[in-house]
Amino acid sequence: MTRATRWSSATRGGAHTVARAVAVCASGVALLAGCEAGEPQRLRVEWVLLAQDGTELEVAVFAGGSTCIDVDEVEVDERTETVEVRAYVQRTKGSCSEDFGVRPTTVELEEPLGDRELVGCAGDAVQVKGWGLAADTDCTEKKPGLVPGTIEVPVG
């Protein structure tokens with residue numbers, strides 16, 4: 001079963017604020033952090049697992065430049081052996097700031113993850129590589145250090 005969570009103004013405050021670090025256009029994030037104006041587009045992006053508790057997954061979604069990008073939705077497809085999480089951003093028309101935006105959010109599952117494989121954080125279907133995760137990345141490996149401000153680690 002596939003479910004989608006859309007962001008609204010109510011889900012954009014508090015724990016859902018964007019953490020920023022400077023990114024440069026030459027680093028390969030020009031698609032999002034944008035050096036040029038472009039047409040509005042919906043893009044699938046990388047996400048990382050921050051924490052897991054019962055039926056809740058705390059994930060951080062790569063949201064790119066904060067002036068022209070926002071998280072659009074997170075889709076969850078639960079199956080017998082896998083749970084696929086797909087994160088999307090909406091890139092609006094116009095120039096973007098050159099910051100590295102990350103939006104933590106909670107993903108609700110119908111059943112606890114258990115022994116099911118968690119997939120969808122990386123790979124060829126993901127158009128924007130915020131962290132450059134390998135296609136065979138284990139999505140259940142918690143990666144809080146990849147989120148600026150989560151723990152004391154150098155970012156950028």
Decide yes or no on side-chain contact (heavy atoms from CB on, under 4.5 Å) for E56 and E108, but give the supporting numbers first.
CA-CA 5 Å; E56 290 186 353; E108 292 284 339; 3.0 Å; yes
Answer whether the closest heavy-atom distance between the side chains of [X] and [Y] falls below 4.5 Å.
X: L49; Y: L57; result: yes
X: K142; Y: Q52; result: yes
X: V45; Y: Q127; result: no

Determine the minimum heavy-atom distance between [X] and [Y], stating which atoms define it.
X: V85; Y: W47; result: O-NE1, 2.9 Å
X: L50; Y: K143; result: CD2-O, 4.2 Å
X: T137; Y: C121; result: CG2-SG, 4.1 Å
X: V126; Y: G120; result: CG2-O, 4.0 Å
X: E46; Y: L133; result: OE2-N, 2.9 Å
X: W131; Y: V102; result: CZ2-CG2, 4.0 Å

For salt bridge (charged side-chain N to carboxylate O under 4.0 Å, His left out), just list the numbers for E75 and R42, CA-CA rounded to whole Å, side-chain angles, deciding distance to a tenth of an Å, and then say yes or no.
CA-CA 13 Å; E75 296 175 349; R42 183 173 187 253; 3.6 Å; yes
If Ile, Leu, Val, Met, Phe, Trp and Tyr residues are connected whenever their side-chain heavy atoms lie under 4.5 Å apart, and connections chain through other members, are L43 and V59 in the same group?
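Yes; tracing contacts between hydrophobic side chains, which count when under 4.5 Å, links both residues.
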Grouping I, L, V, M, F, W and Y whenever their side-chain heavy atoms are under 4.5 Å apart, do L113 and V48 come out in a common cluster?
yes
Main chain of G123, side chain of K129: is a donor-acceptor contact present, judged purely on distance under 3.5 Å?
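The answer is yes, because a donor-acceptor pair under 3.5 Å joins these two groups.
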Could you list the residues that satisfy side-chain hydrogen bond (donor to acceptor under 3.5 Å, both in side chains) with T140, not counting sequence neighbours?
D138
List the residues meeting side-chain hydrogen bond (donor to acceptor under 3.5 Å, both in side chains) with E58, not counting sequence neighbours, and say none if there are none.
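By the side-chain hydrogen bond (donor to acceptor under 3.5 Å, both in side chains) rule, E58 matches T106.
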Residues forming a salt bridge (Lys or Arg N to Asp or Glu O under 4.0 Å) with E84, sequence neighbours excluded
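If we apply the salt bridge (Lys or Arg N to Asp or Glu O under 4.0 Å) test to E84, skipping adjacent residues, the hits are R44, R86.
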Only one of V107, L109, D77 forms a side chain to side chain contact (heavy atoms under 4.5 Å, CB included) with V83, so which one is it?
L109
Is it true that R116 and E111 have a side-chain N and a carboxylate O under 4.0 angstrom from each other?
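A salt bridge is absent here (no side-chain N lies under 4.0 Å from a carboxylate O).
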